[in-house]
Peer 1: 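Quick one: structure below, then a few questions.
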Amino acid sequence: MTAGQSFAVGVDIGGTNMSAAVVQASDGAVVAHETIATLSIQGADDGMRRLLACIDRVVQRAPVGWDAIAGIGVGCTGPLDIARGLIQNPFTLPGWDDLPIVPMLAAAFDKPVLLLNDAHAAALGEHQIGAGRGTQHMIYLTISTGIGSGLILDGRLYQGRRGLAGEVGHHAIALDGIPCYCGRHGCWEMYASGPAIATRAQTRVTPDSPLWAEAAGQPETITARMVGAAAQRGDALAIELLHETGMYIGVGIANLINTLAPEMVVLGGGVMQSHTFLLPALHATIQQQHYAEHAAEVHIVLAQLGLHAGVIGAAFGILRMLSHIL
Ligand SMILES: [Zn+2]
């Protein structure tokens with residue numbers, strides 16, 4: 001990073017959409033932004049051509065040029081090989097197997113490039129300019145289709161061996177529990193994710209419930225978002241389902257608090273939009289399940305950066321790498 005390079009490009013790649021943004025280093029302000037469809041199934045050549053064009057357009061639209069940009073940070077849904085800069089995610093990015101995204105972006109734009117797990121990137125964003133500002137020990141959780149996490153320990157992002165730390169969605173909370181797509185049983189996200197809420201609702205809804213009407217008599221179409229909306233309208237089953245989910249989320253958080261002794265847990269992801277109904281049971285469960293008394297002092301807060309957390313965090317990732325503090 002040289003003098004005058006006070007911006008970075010942040011890229012956030014998910015199974016459905018990918019975004020690029022130009023982010024100001026001093027305050028994390030997003031000065032230009034664009035989202036396009038990922039469509040990984042169309043293959044790596046097509047995907048990279050569209051992503052490169054998207055990054056180009058975003059920088060053209062920004063009030064600064066490439067000269068002011070220190071590098072490019074990429075947050076991507078894993079598994080990844082962060083050491084070699086490869087995407088290796090056949091689950092949500094089929095068609096991009098072993099895609100060498102870091103060398104490709106570095107060659108295309110002649111800038112330093114960093115690849116991070118997307119939850120790790122979002123954690124960095126929340127830590128730098130979001131809910132976790134000023135903390136030394138922070139757990140970021142994203143609870144949506146799955147559950148991911150990013151760990152800030154001793155003020156730095158903890159990535160673990162090969163960047164694989166924080167796959168908390170697959171820590172088991174019941175050894176003989178619900179089978180998970182990962183091949184094991186009782187994984188946390190089988191109880192506490194959006195699909196888990198939807199599955200329980202589909203199983204337990206009855207024709208007299210407003211949720212049944214919402215789903216036009218087709219329970220298999222019920223989603224977590226519909227459960228959240230029904231709870232807002234006072235539907236008893238929906239409220240009960242979210243209460244249970246808050247309990248399950250709380251069990252996992254208590255395990256993490258007992259393991260890592262954070263100052264703060266930051267909760268993001270679509271499921272947390274129902275926080276009004278989740279948080280009471282979540283707090284109560286943490287108080288029951290914690291080991292040391294310090295758990296009462298852990299701040300449990302909502303994420304602040306919303307949809308931009310990924311691009312902001314990825315941009316801070318490359319900026320911190322270039323300052324040797326990642
Ligand atoms: Zn699992």
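Only heavy atoms go into these numbers, but all of them, side chains included; no hydrogens, no water, no symmetry mates. Order of listing sets the numbers, starting from 1, for every ligand and every atom in it.
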Peer 1: With T77, which of T38, D12, T92 fulfils side chain to side chain contact (heavy atoms under 4.5 Å, CB included)?
Peer 2: T92
Peer 1: Mind checking how many protein N/O/S atoms fall short of 2.8 Å from the Zn ion (ligand 1)?
Peer 2: 4
Peer 1: Can you name the ring pair (Phe, Tyr, Trp, His ring centres under 6.0 Å) partners of Y181, sequence neighbours left out?
Peer 2: H170
Peer 1: Charged N to carboxylate O below 4.0 Å: is that the case for D46 and R50?
Peer 2: yes
Peer 1: Tell me, with the steps shown, if D98 and Q88 meet side-chain contact (heavy atoms from CB on, under 4.5 Å).
Peer 2: CA-CA 5 Å; D98 286 328; Q88 293 179 322; 2.7 Å; yes
Peer 1: Do you see a donor-acceptor pair shorter than 3.5 Å between the side chains of D154 and Q136?
Peer 2: no
Peer 1: Taking the side chain from R200 and the backbone from Y191, do they hold a donor-acceptor pair closer than 3.5 Å?
Peer 2: yes
